[in-house]
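Accompanying notes for the structure given below.
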Amino acid sequence: EYCRQDVRAEREIMHREIKLGAFPLPELERKIWVFDQKVNDRGIPVSVKFAKSAYKLATRDKAEAIKKQNELTGLENANSNTQLLAWAKTQGYEPNTLNKNTVDAELKYRREILTPLCAEVLEARRAASSTTYKKLSAILRLVSSDGRLRGQFLYMGSARCGRWSGTGVQLHNLSRSGMVGNYNFEDEKVIDEARQMIYDEDYE
């Protein structure tokens with residue numbers, strides 16, 4: 001009966017798609033869908049060595065940031081929202097959440113009521129909250145034995161506007177190049193130097 005209900009639902013969807021003129025796919029849309037399948041099947045080449053080295057550096061950076069937070073706050077685990085929130089409330093921080101938007105607002109508009117130490121800790125937490133290492137972990141988990149990432153784009157993933165969405169690594173959400181401190185990541189020499197540091201696992 002469970003299976004029969006699925007069939008009924010699928011038939012109803014098909015009837016509605018026929019009425020909308022969306023099924024079968026219009027010729028142009030079918031060509032786009034075929035192209036999408038080819039892209040996903042072909043995959044994207046990945047340097048597994050680079051991803052492993054970058055992941056190693058990123059996890060070390062995360063661990064060192066947490067260690068510094070622990071030293072500044074005296075907490076056992078400053079990465080714990082519960083522990084850090086309780087500590088921050090002793091330092092002039094009033095909200096009951098540490099979500100990014102709230103912390104950003106406190107640092108921007110109510111900084112004067114926070115202790116300098118609290119502001120330093122919240123800024124350090126914000127800087128250390130990058131999830132880049134999770135993206136690297138996803139690459140290493142999903143890469144095929146031939147060093148390619150496959151099936152990363154979802155055709156009509158956003159059904160209302162018809163655009164693609166991502167699955168797995170979420171490649172469409174990669175950071176854009178630009179200025180980082182004094183370094184211009186639009187400059188190929190800077191990129192080559194940074195890439196080599198990662199290959200060499202030169203953390204410092």
Side-chain angles (χ1 to χ4, degrees), residues 44 46-143 149 152 165-187 189-204:
I44 299 152
V46 171
S47 168
V48 175
K49 182 181 182 339
F50 182 88
K52 282 181 177 177
S53 295
Y55 182 71
K56 188 174 178 181
L57 294 171
T59 50
R60 177 178 169 184
D61 188 59
K62 185 81 173 176
E64 293 200 2
I66 292 169
K67 182 182 176 186
K68 184 182 177 185
Q69 293 262 43
N70 290 345
E71 290 168 357
L72 287 171
T73 59
L75 296 172
E76 185 180 331
N77 179 13
N79 200 40
S80 158
N81 273 350
T82 307
Q83 288 185 36
L84 187 62
L85 181 59
W87 175 85
K89 281 183 168 291
T90 69
Q91 305 289 316
Y93 186 85
E94 294 178 356
N96 291 317
T97 177
L98 287 171
N99 75 45
K100 182 182 182 303
N101 291 337
T102 304
V103 170
D104 286 350
E106 290 295 298
L107 288 170
K108 186 173 182 179
Y109 300 113
R110 293 162 52 85
R111 191 183 194 95
E112 68 281 354
I113 70 167
L114 303 175
T115 65
L117 179 60
C118 185
E120 181 185 351
V121 166
L122 292 176
E123 283 179 339
R125 175 187 169 88
R126 184 168 60 182
S129 66
S130 167
T131 57
T132 302
Y133 73 103
K134 291 182 179 176
K135 199 172 283 287
L136 292 164
S137 173
I139 289 171
L140 294 170
R141 187 177 70 251
L142 298 169
V143 69
L149 275 175
Q152 293 299 302
S165 65
T167 61
V169 179
Q170 303 288 334
L171 292 166
H172 61 298
N173 285 341
L174 290 172
S175 298
R176 296 175 65 179
S177 297
M179 292 297 294
V180 179
N182 295 323
Y183 297 97
N184 178 11
F185 278 83
E186 300 290 342
D187 184 334
K189 288 180 182 176
V190 172
I191 293 171
D192 288 343
E193 185 181 351
R195 186 181 289 125
Q196 193 57 51
M197 286 179 187
I198 291 172
Y199 274 120
D200 295 340
E201 295 182 14
D202 184 355
Y203 183 78
E204 281 69 26

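Just so it is clear, the model here is predicted, and its values are computed rather than measured. Residue numbers count from 1 along this sequence.
Considering all non-hydrogen atoms of both residues, A78 and R125 come closest at O-NH1, 3.9 Å. Contact between A51 and I139 at its shortest, heavy atoms only, is CB-CG2, 4.2 Å. Of all the heavy atoms in Y199 and K49, the pair that sits closest is O-NZ, 3.4 Å. Minimum interatomic distance between K89 and P95 (heavy atoms only, all atoms of both residues): NZ-O, 3.2 Å. Residues H172 and S165 approach most closely at CE1-C, 4.4 Å, considering heavy atoms. For L136 against Y55, the heavy-atom pair with the smallest separation is CD1-N, 3.6 Å.
Here CD of E64 is found 10.0 Å from OG1 of T59. Values are rounded to the nearest 0.5 Å. Atom CG of L84 sits about 7.5 Å away from atom SG of C118, to the nearest 0.5 Å. Here the OH-CD1 distance, from Y183 to I191, works out to 14.5 Å after rounding to the nearest 0.5 Å. How far CD1 of I66 is from CG of L75: 12.5 Å, rounded to the nearest 0.5 Å. To the nearest 0.5 Å, atom CD1 of residue I198 and atom NZ of residue K52 are 16.0 Å apart. Put simply, CD on E120 and CD on Q69 are 9.0 Å apart, with the number rounded to the nearest 0.5 Å.
Inter-residue side-chain proximity for Y133 and D61 is flagged as unmet; no heavy-atom pair is nearer than 4.5 Å. Between L117 and W87, some side-chain heavy-atom pair lies under the 4.5 Å cut-off. Between M197 and L57 the shortest side-chain heavy-atom distance does not fall below 4.5 Å. Between L122 and L98 the shortest side-chain heavy-atom distance falls below 4.5 Å. Between Q91 and V121, every side-chain heavy-atom pair lies at or beyond the 4.5 Å cut-off. Counting heavy atoms from C-beta on, the side chains of D202 and Q196 never come closer than 4.5 Å. For the pair N81 and T97, the minimum side-chain heavy-atom distance is 4.5 Å or more. A heavy-atom distance below 4.5 Å is not found between the side chains of Q83 and T73.
More than 12 non-hydrogen atoms from other residues, nucleotides or ligands lie less than 6.0 angstrom from CD of E71.
A salt bridge is absent between K108 and D104: the closest approach of a Lys/Arg side-chain nitrogen to an acidic carboxylate oxygen does not fall below 4.0 angstrom. Taking the charged nitrogens against the carboxylate oxygens, K189 and D192 have no contact shorter than 4.0 Å, which rules out a salt bridge. By the 4.0 Å N-to-carboxylate-O rule, R60 lies close enough to E204 to be salt-bridged with it.
With K67 contributing its side chain and K62 its backbone, the two residues share no donor-acceptor pair below 3.5 Å. At least one donor-acceptor pair closer than 3.5 Å links the side chain of K135 to the backbone N or O of Q170.
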task = Go through the steps for L114 and L107 under the test side-chain contact (heavy atoms from CB on, under 4.5 Å), then give the verdict.
result = CA-CA 8 Å; L114 303 175; L107 288 170; 4.1 Å; yes
